[in-house]
Number of protein chains: 2
Amino acid sequence: MAEAPVKPPAVRGPVTIQDVARRAGVSTATVSRALAMPDRVTDATREAVFAAIRETGYTPNAAARNLRAKTTKMVLVLLPGIGNSFFTPILNALEEVFSEAGYGVLIGYTRQDRSRETHYARVIRAGQVDGVLLVTGHLPRDEEFTHFPYTVPVSLLLSEMPGYSGFSVFDVENRAAARTMTDYLIGLGHRRIAHIAGPTLNPEANERMAGYREALAAAGIPFDPGLLWTGATNFDFASGEAAARRFLDSTERPTAVFAAADEIAFGFLRAIRSAGVVAPRDVSVAGFDDTEYAFHYDPALTTMHQPRAEIGRRSAEDMLRRMRAGGDPEPTVRVRLPCALVIRESARRLD
Amino acid sequence: MAEAPVKPPAVRGPVTIQDVARRAGVSTATVSRALAMPDRVTDATREAVFAAIRETGYTPNAAARNLRAKTTKMVLVLLPGIGNSFFTPILNALEEVFSEAGYGVLIGYTRQDRSRETHYARVIRAGQVDGVLLVTGHLPRDEEFTHFPYTVPVSLLLSEMPGYSGFSVFDVENRAAARTMTDYLIGLGHRRIAHIAGPTLNPEANERMAGYREALAAAGIPFDPGLLWTGATNFDFASGEAAARRFLDSTERPTAVFAAADEIAFGFLRAIRSAGVVAPRDVSVAGFDDTEYAFHYDPALTTMHQPRAEIGRRSAEDMLRRMRAGGDPEPTVRVRLPCALVIRESARRLD
DNA sequence: CTGAAAGCGCTAACAT
DNA sequence: ATGTTAGCGCTTTCAG
């Protein structure tokens, strides 16, 4: 039998507040204080503590701090997990503001999958985050999500959730924007204007559709159901391609097409081009979003600018405010930002 | 003076393991066991515990568990914070594998900014994550990063870091891929082939440049420095636009242009088109990456496919393996994946 | 201004 | 099979 193992003198494990205290010749409480409220310790003490920290390379353990403080300095951002380049500017802005404020950003992709939603519901319930930003376009259906009282502030980005309250909501004026775009197309002389709608169940898509119809009505153009192309399952290329087939099969083609998203417009443009139809020569096309490629595509896309970065920034600031309030339910906000018409090359005046 | 405050009976705070234990009529240890090793408690006990858990809506507190287990079930993914749609498939794959394994994904954008790197170095040192994936293209320069012994496994994605060891590395065969692309262009009859290089300091960009030159040499085409367009500060549109100016100003224009990234190619294509030069009619253009838009652009881009999702998936699996090993330094791996030539419309045979 | 001590919620020895 | 106990590393009263 080997003799009982001798505990190694310096385990060289992570250095704790104890190590620092010992080295600085003070108590752990003093180290903690020197860190949290530097002006409540003597200059000399502070010096000694900081020196010890420097020498040992001490970094406070997050788990211990979280356990004590009941706060994690982390937020969870839930994304749909598809078509993510659209969400990139939002995520970027969120990360910027949060990390600036010392918060970590945990991301989760729900992919509309129940088990994944349950997974993230658990993360929230486990107190792993201090706040949640939902950019999924829908509230997770998991019971743990909806039935359980929210212990942390929650915000909805880019979509509202009628019937639920207690969330801050940040979205854009979808209807007004779609109206503006359609008005613009009408102003260009178009009368036969088709609309490629977004996913049927998506509230934003429906708002845009409403704006389109509103503009038509205001201009005295009778609504033609054959010109409302629904059936999209997503704001993606494929939906634009499907619409292109309808366009090409039309006996009397529209002179302008307004897509509910840039990607839909790109899918449409590419598909019609294969058939020798080019925009804006043969048909005017407009998008919605003003993604990175709208400017760089050929033709450059006329579209509605959605202030994605601003939504990220403002929602992050609101979240910080609410999280800092501690347990008190701070008032939520409802921010609805306007979009801006961006005129480029894909739509032209009808001769 | 008011009398000593009476502790409210049910604070209705988060339910702890104590609450569950009390309700189930067992000790906290038993609750813990029923959760961790269900087969080591009686059926009856297990039932009682689970019932109590259900009734109370108990979820174990993450901080307490982390503190005890010295593990957080979280990984940090560090991204550059620019041109993020390129990284989207990687992030997607990472999140998929990690969340499947019960790990959370914390993201951080370094933006090549020192203070942000320090910030994230601290997150790592604080034991906030069990592993780190660097997709930044460079090792953070922060001393805390480089000098301090890594306490958790680290992996490098899409770029290697010569001189450092102890990391798993996942990247692609940049040189061979660039060589293949250039060979392809040569095979199409091109002799005057320009290369729009990526950022000078970027190792991947340099590998691609080397592959380009290698192909030229192998084909007996003398290297023309005037056809190597450097100066890019990023793999972005702007770099392509700058190259377009050089192209348009050339007295003798190349017949083919190989860009070090798809976005560079798009920027180039768009800029030359403004001058009435269209690909592939007037000049053949090839990219590198095979991003989402390569297929949807006009013209569809001939490019090299980088297996981004696979890099994400495999690096995540490797990271899981290494994290599960506990403190023992598991062997790191070096995975270098091949790229695939994707022939589309932007490059054509020279008449 | 500083130290002692309690305890956040959980798990893992060690007993029984 | 279950309970008791001792912390994990930190912050925060409460004394001094």
Side-chain angles (χ1 to χ4, degrees), chain A residues 4-5 7 11 13-49 52-53 56-73 122 125-128 130 151 326-327, chain B residues 4-5 7 11 13-49 52-53 56-73 122 125-128 130 151 326-327:
Chain A
K7 179 179 281 187
V11 189
V15 8
T16 74
I17 198 170
Q18 297 265 16
D19 303 323
V20 176
R22 207 164 8 240
R23 183 166 196 122
V26 298
S27 73
T28 61
T30 300
V31 176
S32 182
R33 264 187 294 255
L35 245 19
M37 350 173 208
D39 41 330
R40 297 216 14 214
V41 298
T42 334
D43 285 13
T45 315
R46 194 174 341 101
E47 290 301 297
V49 170
I53 288 176
T56 54
Y58 168 70
T59 307
N61 175 282
R65 181 173 279 181
N66 294 348
L67 179 58
R68 194 81 246 269
K70 299 200 174 313
T71 177
T72 61
K73 293 286 207 164
R122 186 154 295 137
R125 298 261 312 285
Q128 198 129 214
D130 295 345
T151 49
Chain B
K7 179 178 282 188
V11 189
V15 9
T16 75
I17 198 170
Q18 297 264 16
D19 304 323
V20 177
R22 207 164 9 240
R23 183 162 198 126
V26 298
S27 73
T28 62
T30 300
V31 175
S32 182
R33 262 187 296 253
L35 245 19
M37 350 173 208
D39 41 332
R40 295 216 17 212
V41 297
T42 335
D43 286 12
T45 315
R46 194 175 337 105
E47 290 301 297
V49 170
I53 288 177
T56 55
Y58 168 70
T59 308
N61 176 281
R65 181 173 280 182
N66 294 348
L67 180 56
R68 191 84 243 270
K70 298 202 173 313
T71 177
T72 62
K73 293 286 207 163
R122 186 155 295 135
R125 297 262 312 284
Q128 197 129 212
D130 295 344
T151 49

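All values reported here derive from a predicted model rather than from experimental measurement.
Annotation: the span from A:Tyr58 atom OH to A:Gln18 atom CD amounts to 10.0 Å, rounded to 0.5 Å. Put simply, OG1 on A:Thr42 and CD on A:Glu47 are 11.0 Å apart, with the number rounded to the nearest 0.5 Å. Note: B:Asn61 CG to B:Leu67 CG = 10.0 Å, rounded to the nearest 0.5 Å.
As judged by a 4.0 angstrom heavy-atom cut-off over every strand, B:Thr42 is placed among residues touching the sugar-phosphate backbone only.
Between B:Ala52 and B:Thr56 the shortest heavy-atom distance is O-OG1, 2.7 Å. The two atoms that bring A:Arg46 and A:Pro38 nearest to each other are NE-O, 2.8 Å, heavy atoms only.
Residue-to-nucleotide contacts include no donor-acceptor pair under 3.5 Å from the side chain of B:Arg68 to the base of D:dG9.
In this structure, a donor-acceptor pair under 3.5 Å is present between the side chains of B:Asp130 and B:Thr72.
The phosphate of D:dG3 (OP1 or OP2) has a side-chain N or O of B:Thr30 nearer than 4.0 angstrom. Taking side-chain N and O atoms only, B:Thr45 has no distance below 4.0 Å to OP1 or OP2 of D:dA1.
Interface residues of residues 20-27 of chain B facing DNA chain C, ordered by number: none; criterion, heavy-atom separation under 4.0 Å.
With D:dG9, D:dC10, D:dT13 as the candidates, the nucleotide lying closest to the side chain of A:Pro60 is D:dC10. Candidate nucleotides D:dG3, D:dT12, D:dC10 were compared by shortest atom distance to the side chain of A:Ala29, and D:dT12 ranks first.
Chain A approaches DNA chain C within less than 4.0 angstrom (heavy atoms of the protein), and the contacting nucleotides run 5' to 3' from C:dC1 to C:dG9.
Under the 4.5 Å side-chain criterion, counting only non-hydrogen atoms from C-beta, A:Val26 is in contact with A:Val31.
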